[in-house]
Amino acid sequence: MNAVYDPHKVEQEAQRYWDESESFRASESAEGEKYYCLAMFPYPSGRLHMGHVRCYTLGDVINRYHRLKGFNVMQPMGWDAFGLPAENAAIKNGIPPAVWTKDNIAYMRGQMQRLGFGFDWSREFATCDPDYYRWEQWLFLKLFAKGMVYRKNAVVNWDPVDQTVLANEQVVDGRGWRSGAPVERREMAQWFLKITAYAEELLDELEDMDGWPESVKNMQRNWIGRSPGVEVDFLVEGHSERLTVFTTRPDTLMGATYVAVAAEHPLALAAAQQDPNLADFVAQCKQATTAEADMATLEKAGMPTGLNARHPLTGNLLPIWVANFVLMEYGSGAVMSVPGHDQRDWEFARKYGIEIRQVIEPTQGNDCDLSAAAYTERGRLVNSGEFDGLRFDDGFDAIAKALEAKEMGRRVTNYRLRDWGVSRQRYWGCPIPIIHCEDCGVVPVPDADLPVELPTDVKFEGVRSPLVTMDSFLRVPCPECGALARRETDTFDTFMESSWYYTRFASPDAQSPMVDQRANYWAPVDHYVGGVEHAILHLLYARFYYKLMRDEGLLSSNEPFKRLLMLGMVLQDGKKMSKSAGDAGDPQKLLDKYGADTVRTAMMFAAPPDQSFEWNEAGLEGALRFLKRLWMLVQSHLEALSADSIDKARLSESAQRLRRKTAETLTKADDDYGRRWQFNTVVSAVMELTNAISKFAPRSANDQAVVGEALRAAVLVISPIAPHIADALWGQMGETGSLVDQAWPEIDESALIQNVVELVVQVNGKVRGKIEVAADAEKSVVLAQARVAENVSRFLQDKTVRKEILVPNKLVNIVVS
RNA sequence: GCCCGGGUGGUGAAAUUGGUAGACACAAGGGACUUAAAAUCCCUCGGAGGCAACUCCGUGCCGGUUCGAGUCCGGCCCCGGGCACCA
């Protein structure tokens with residue numbers, strides 16, 4: 001008898017057993033259907049926070065549940081090790097990023113082990129390992145050869161004082177976080193991956209992804225933003241180049257009264273050379289960040305260029321304006337403006353006194369007052385010459401045709417999605433395997449020279465990447481002509497590493513190529529768990545990358561993640577926990593005080609997975625109390641557990657009730673674990689079961705056997721959440737074999753049968769009483785009983801019954817007047 | 001600004017397909033045990049009235065559909081996430 005629950009002893013013993021018997025080592029040849037269970041790997045920021053604890057506990061619950069259900073489960077863990085915080089730490093403390101990262105990994109790995117997560121550590125890697133990132137370079141060069149990679153100018157946040165590129169996060173109120181200098185938009189040559197070439201597939205496949213939440217699929221749909229429309233060409237007076245704009249509303253073309261271009265647009269730059277005021281305005285537009293949210297909330301401003309564009313159908317001249325809300329990155333960096341039928345154009349036109357022309361009228365009684373607002377609904381064309389009277393679809397077609405006939409436009413499908421800029425002007429990332437030669441231009445690093453290793457013995461002087469001044473890295477002979485050339489110093493966006501790590505886990509030691517056939521055994525990931533903050537970028541890039549690998553012949557399926565569990569955030573002072581917000585929410589002292597099982601149980605009990613919540617420690621005492629109660633309950637029934645099997649024919653009524661509770665708990669837990677992915681209610685179901693066991697007073701050997709059945713169920717059901725205590729209790733209950741190798745029990749359906757059910761009786765929708773009826777009673781019998789039930793009959797006096805509704809096993813509603 | 005979520009007792013939440021609102025816990029209050037404390041156990045616990053039986057009100061706000069709405073529809077308010085260089 002172990003009178004006192006000692007979590008530290010129990011947890012150490014269980015972890016030692018799992019470790020020694022390699023309980024969580026996954027093999028392709030093991031029995032059972034494969035189940036790849038993955039929680040998003042962490043950035044090694046230093047210490048785990050409660051957001052990590054939640055994510056990995058949820059992953060581990062799914063892992064352990066599926067093991068009980070007989071699957072061959074693989075749950076790996078690794079490190080998303082490149083990124084900005086390591087550089088910031090290096091700048092601040094002088095610790096090289098490689099050292100800082102390695103230390104953090106060691107510490108966080110220890111914390112994960114302390115939490116008892118059933119990971120297959122034999123597959124662990126960090127993305128900063130050259131063995132890992134060399135394959136990223138390899139694939140990049142394959143894509144380069146295929147034309148899936150290209151180079152073009154793109155704007156970045158430039159800190160003019162620190163002479164460096166800033167991440168959006170490093171821009172605070174339009175100023176550099178270290179220098180405090182106003183940030184400028186600056187163009188730079190950058191590498192891009194053609195994700196837009198896969199836009200259609202990325203969009204269409206969402207239809208069939210039943211295992212993903214509707215909200216995430218919607219976010220991705222909106223992000224990709226497919227819009228069918230028309231490209232319209234405008235001839236520019238005095239220029240040979242045409243100005244091309246995209247519109248989803250060609251039906252409003254006759255209402256265009258001006259054209260607007262981005263401040264970075266060549267026409268704007270050309271015009272600015274003639275006009276100092278315009279040059280000032282263009283310069284002013286550069287005093288802004290690259291963040292779309294900032295652009296969207298900016299006060300709309302513009303200035304005429306003095307140039308005019310010829311309307312392709314009317315031949316009228318339209319003034320060309322520079323506007324601060326037109327983005328060079330999106331489309332052609334120019335838009336046609338129809339103030340009558342676009343709210344933003346309307347506001348701009350009102351501000352600058354540009355003509356507002358109505359060319360659409362409502363088809364049914366809607367208000368249309370262009371002096372108050374733009375009319376943006378679809379309607380009937382007016383003031384549009386030969387197109388008058390047409391509705392949206394016909395107007396769209398007719399104007400598209402007219403443009404096509406004049407070779408001044410064409411139908412196109414545009415996407416909001418932009419190509420993926422993968423260059424970063426940073427040190428702590430995967431080097432881009434390119435060499436710049438004065439004679440040969442851009443030259444890929446030969447396969448034999450991969451990986452291009454990132455030098456790790458670096459000193460940060462100031463805030464710029466050490467690579468740009470490091471001759472040993474920089475100076476390299478051109479692979480084509482042998483002349484002295486310059487190595488690319490940009491590194492990859494860290495989303496590159498996280499876009500394929502889950503395939504590498506399947507064959508972490510593959511020597512060539514990046515994954516081997518084991519990837520097609522484990523992939524796709526069956527259950528992917530992670531924070532909702534990754535709903536768009538990471539998940540979209542990963543889907544894209546998976547298709548790139550498929551088209552390279554490395555993978556045979558189309559989508560990387562079958563089922564997706566999007567976690568709500570663990571908030572701290574109402575905001576998401578992050579590295580930059582500090583290390584609050586460190587679980588270490590909680591682990592020391594309460595043990596892993598209590599922390600895990602409290603976390604699971606706190607809220608359903610998809611809900612965000614503010615973490616507080618109040619729940620820990622309750623979780624510990626529950627585990628202690630469960631422990632004591634088993635201790636007090638140890639003899640009962642060796643009792644004979646249950647004689648179903650001779651059960652007392654209370655024993656029958658307890659058996660039903662046991663069966664109900666197993667049914668509910670199975671549903672919550674397997675279908676609903678809601679684990680807080682599993683905890684409460686087990687709490688209810690243990691409460692029922694406590695209240696039950698066994699009077700016979702048969703009763704004892706019923707208690708034994710209930711206790712075994714309680715321990716097994718809670719085991720994915722609190723695995724250590726469950727393991728210990730399982731052993732104490734005289735069961736052979738470790739709990740992690742057990743099978744989920746068959747449910748005794750006969751225990752669930754109820755002869756008598758309680759129904760609620762409502763009168764006009766208000767609860768007035770309750771009745772007990774035989775489960776198989778006729779409707780007429782139930783209704784008759786309901787009408788005469790205590791407290792019900794008085795609400796029926798002097799009333800006429802209009803309707804009687806019976807919901808089987810639930811309620812009766814009598815409608816009277 | 002745009003896209004996606006969320007809002008239920010003092011607190012975390014439950015209510016799975018439109019069918020008993022508040023399960024299960026935390027906190028609080030009262031009691032038992034104890035020399036005392038801790039631990040444990042028992043009771044009360046949305047608001048108002050009655051101080052019982054019971055009744056009325058109540059799921060962010062306003063309106064609608066329905067025999068019946070926390071759940072569905074329309075409009076609003078507030079909070080969180082994402083917006084392409086935080087990961």
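This structure is a prediction, so every number in the text was calculated from the model and none was measured. Note on naming: letters A, B, ... go to the chains in the order of the sequence lines (proteins, then strands), and numbering restarts at 1 for each one. Excluded from the calculations below are hydrogen atoms, water molecules and symmetry mates; all remaining heavy atoms, backbone and side chain alike, are included.
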- Task: Take atom P in B:A14 and the same atom in B:A25, then report the distance between them in whole Å.
- Result: 15 Å

- Task: Report which part of the nucleic acid A:Leu540 touches: base, sugar-phosphate, or nothing (heavy-atom distance under 4.0 Å, all strands).
- Result: nothing

Every protein N/O lying under 3.5 Å from an N/O of nucleotides 5-12 of chain B:
unit_1, atom_1, unit_2, atom_2, d
B:G12, O2', A:Ala606, O, 2.5

- Could you tell me the separation between the CG atom of A:Asn222 and the P atom of B:G82, rounded to a whole number of Å? 17 Å

- Query: Quick one: does A:Asn222's side chain have a donor or acceptor within less than 3.5 Å of a partner on A:Asn218's backbone?
  - Reply: yes

- Item | Per A:Arg768 side chain, nearest of listed nucleotides B:A25, B:C56, B:G1 | B:C56

- Query: Has the side chain of A:Arg675 got a donor or acceptor atom sitting under 3.5 Å from an opposite partner on the base of B:U16?
  - Reply: yes

- Query: Do A:Ile432 and A:Phe492 have side-chain heavy atoms sitting under 4.5 Å apart?
  - Reply: yes

- Message: I want to check something: taking the side chain as every heavy atom from C-beta on, are A:Ile91 and A:Arg178 in contact at a cut-off of under 4.5 Å?
- Response: yes

- Could you give the distance separating B:U59 and B:G47 at their P atoms, to the nearest angstrom? 15 Å

- Task: Look at atom NZ of A:Lys286 and say whether more than 12 heavy atoms of other residues, nucleotides or ligands are closer to it than 6.0 Å.
- Result: no

- Give one of base, sugar-phosphate or nothing for A:Tyr330, where a contact means two heavy atoms less than 4.0 Å apart. nothing

- Remember a base hit wins even if backbone is also touched, and classify A:Val807 as base, sugar-phosphate or nothing at under 4.0 Å, heavy atoms. base

- Query: Got a second to check how far A:Phe82's CZ is from A:Glu497's CD, nearest 0.5 Å?
  - Reply: 6.0 Å

- Short side-chain N/O contact to B:A15 OP1/OP2 from A:Arg676, under 4.0 Å: yes

- Message: Is it the case that the base of B:U16 and the side chain of A:Lys668 share a donor-acceptor contact (distance under 3.5 Å, atom types as modelled)?
- Response: yes

- Looking at the side chain of A:Met219, which of B:C24, B:G81, B:G1 is the nearest nucleotide? B:G81

- Message: Taking any heavy-atom pair under 4.0 Å as a contact, classify A:Ala291: base, sugar-phosphate, or nothing.
- Response: sugar-phosphate

- Task: Kindly say whether A:Gly568 contributes a backbone atom to a donor-acceptor pair with the side chain of A:Asp610 at under 3.5 angstrom?
- Result: no

- Selection from B:C86, B:C83, B:A87 that lies nearest to any side-chain heavy atom of A:Glu292: B:C83

- 4.5 Å side-chain heavy-atom contact, A:Cys55 and A:His52: no

- Task: Starting at atom CD1 of A:Ile432, determine the distance to atom C1' of B:C85, rounded to an integer number of angstrom.
- Result: 13 Å

- May I ask you to say what A:Val171 touches in the nucleic acid, namely base, sugar-phosphate or nothing, with a heavy-atom cut-off under 4.0 Å? nothing

- Here the distance between atom P of B:C86 and atom CD1 of A:Ile536, to the nearest Å, is 14 Å

- Across the strands shown, which category fits A:Lys770 at heavy-atom distances under 4.0 angstrom: base, sugar-phosphate, nothing? base

- Just call it for A:Arg221: base, sugar-phosphate, or nothing, with non-hydrogen atoms closer than 4.0 Å on any strand. nothing

- Message: Heavy-atom nearest nucleotide on RNA chain B for A:Val216 versus A:Asn680: which residue maps closer to 5'?
- Response: A:Val216

- Message: From C-beta outward on A:Trp223, which listed nucleotide comes closest to its side chain: B:U20, B:A84, B:G1?
- Response: B:A84

- Task: Would you state whether a donor and an acceptor, one from the side chain of A:Gln425 and one from the base of B:C85, lie under 3.5 Å apart?
- Result: yes

- Query: For A:Asn691 and B:A23, is the shortest distance between a side-chain N/O and OP1 or OP2 below 4.0 Å?
  - Reply: no

- Message: Can you check the distance between B:U65 and B:U11, where both ends of the measurement are the P atom (answer in whole Å)?
- Response: 33 Å

- Note on the structure: The answer to which of A:Ala623 and A:Leu811 contacts RNA chain B further toward the 5' end, by nearest nucleotide, is A:Leu811

- Query: Does the side chain of A:Arg625 get closer than 4.0 angstrom to OP1 or OP2 of B:C26 through an N or O atom?
  - Reply: yes

- Query: Under 4.0 angstrom, heavy atoms only, what part of the nucleic acid is A:Gly83 near: base, sugar-phosphate, or nothing?
  - Reply: sugar-phosphate

- Item | Minimum-distance nucleotide to A:Glu688 side chain [options: B:U16, B:A23, B:U55] | B:A23

- Query: Can you tell me how far P of B:C85 sits from CE of A:Met496, to the nearest Å?
  - Reply: 13 Å

- Task: Scan A:Leu537 against the nucleic acid and name what it touches under 4.0 Å (heavy atoms): base, sugar-phosphate only, or nothing.
- Result: base

- A:Thr289 side chain vs A:Gly174 backbone, donor-acceptor pair below 3.5 Å: no

- Message: Closest approach to the side chain of A:Lys766, judged atom by atom: which nucleotide of B:G80, B:C57, B:C83 is it?
- Response: B:C57

- Query: Are any of A:Thr494's side-chain N or O atoms less than 4.0 Å away from OP1 or OP2 of B:A87?
  - Reply: yes

- Message: Which nucleotide wins on minimum distance to the side chain of A:Tyr43, given the candidates B:A87, B:U20, B:A14?
- Response: B:A87

- Query: What's the CH2-C1' distance between A:Trp191 and B:C85, to the nearest Å?
  - Reply: 19 Å

- Per A:Leu417 side chain, nearest of listed nucleotides B:U20, B:G1, B:A84: B:A84

- Task: Please work out whether the ring planes of A:His538 and A:His534 are parallel, tilted or perpendicular, with thresholds of 30° and 60°.
- Result: perpendicular

- Message: Over all strands shown, is A:His538 touching base, sugar-phosphate only, or nothing at heavy-atom distances under 4.0 angstrom?
- Response: nothing

- Taking only N and O in the side chain of A:Arg426, is any of them less than 4.0 Å away from OP1 or OP2 of B:C86? no

- Query: Pick one for B:G9: is it syn, with its angle within 90° of 0, or anti?
  - Reply: syn

- d(CG, A:Asn809; C1', B:U20) in whole Å: 14 Å

- Count the heavy atoms belonging to other residues, nucleotides or ligands that lie under 6.0 Å from NZ of A:Lys593, then report whether that count exceeds 12. no

- Message: Determine whether a donor-acceptor pair (N or O, by modelled atom type, separation under 3.5 Å) exists between the side chain of A:Lys194 and the backbone of A:Phe192.
- Response: no

- Flag, side chain of A:Tyr427 to backbone of A:Asp490, donor-acceptor distance under 3.5 Å: no

- Message: What's the closest nucleotide to the side chain of A:Thr681 if the choices are B:A87, B:A15, B:C85?
- Response: B:A15

- Task: Indicate whether OP1 or OP2 belonging to B:C41 is found under 4.0 Å from a side-chain N or O atom of A:Arg629.
- Result: yes

- Query: Using a cut-off of 4.0 Å on non-hydrogen atoms, how would the nucleic acid contact of A:Ser498 be classed: base, sugar-phosphate, or nothing?
  - Reply: nothing

- Whole-Å gap separating C1' (B:A87) and OH (A:Tyr501): 11 Å

- Query: Which whole-number value in Å describes the distance from A:Glu617 CD to B:A27 C1'?
  - Reply: 15 Å

- Would you kindly check if the NZ (Lys) or CZ (Arg) of A:Arg185 is within the cone defined by 45 degrees around the ring axis of A:Trp158 and under 6.0 Å from the six-membered ring centre? no

Could you go through residues 756-767 of chain A and list every donor-acceptor pair under 3.5 Å that involves a side-chain atom there, pairing it with any protein atom two or more places apart or in another chain?
unit_1, atom_1, unit_2, atom_2, d
A:Asn764, OD1, A:Val816, N, 2.9
A:Asn764, ND2, A:Val816, O, 3.4

Within the sub-3.5 Å range, which N or O atoms of nucleotides 63-68 of chain B have a protein N or O partner, and how far apart are they?
unit_1, atom_1, unit_2, atom_2, d
B:C67, O2, A:Asn813, ND2, 2.5

- Looking across every strand, which nucleic acid part, if any, lies under 4.0 Å from A:Pro42 by heavy atom: base, sugar-phosphate, or nothing? nothing

- Task: Give one of base, sugar-phosphate or nothing for A:Val683, where a contact means two heavy atoms less than 4.0 Å apart.
- Result: nothing

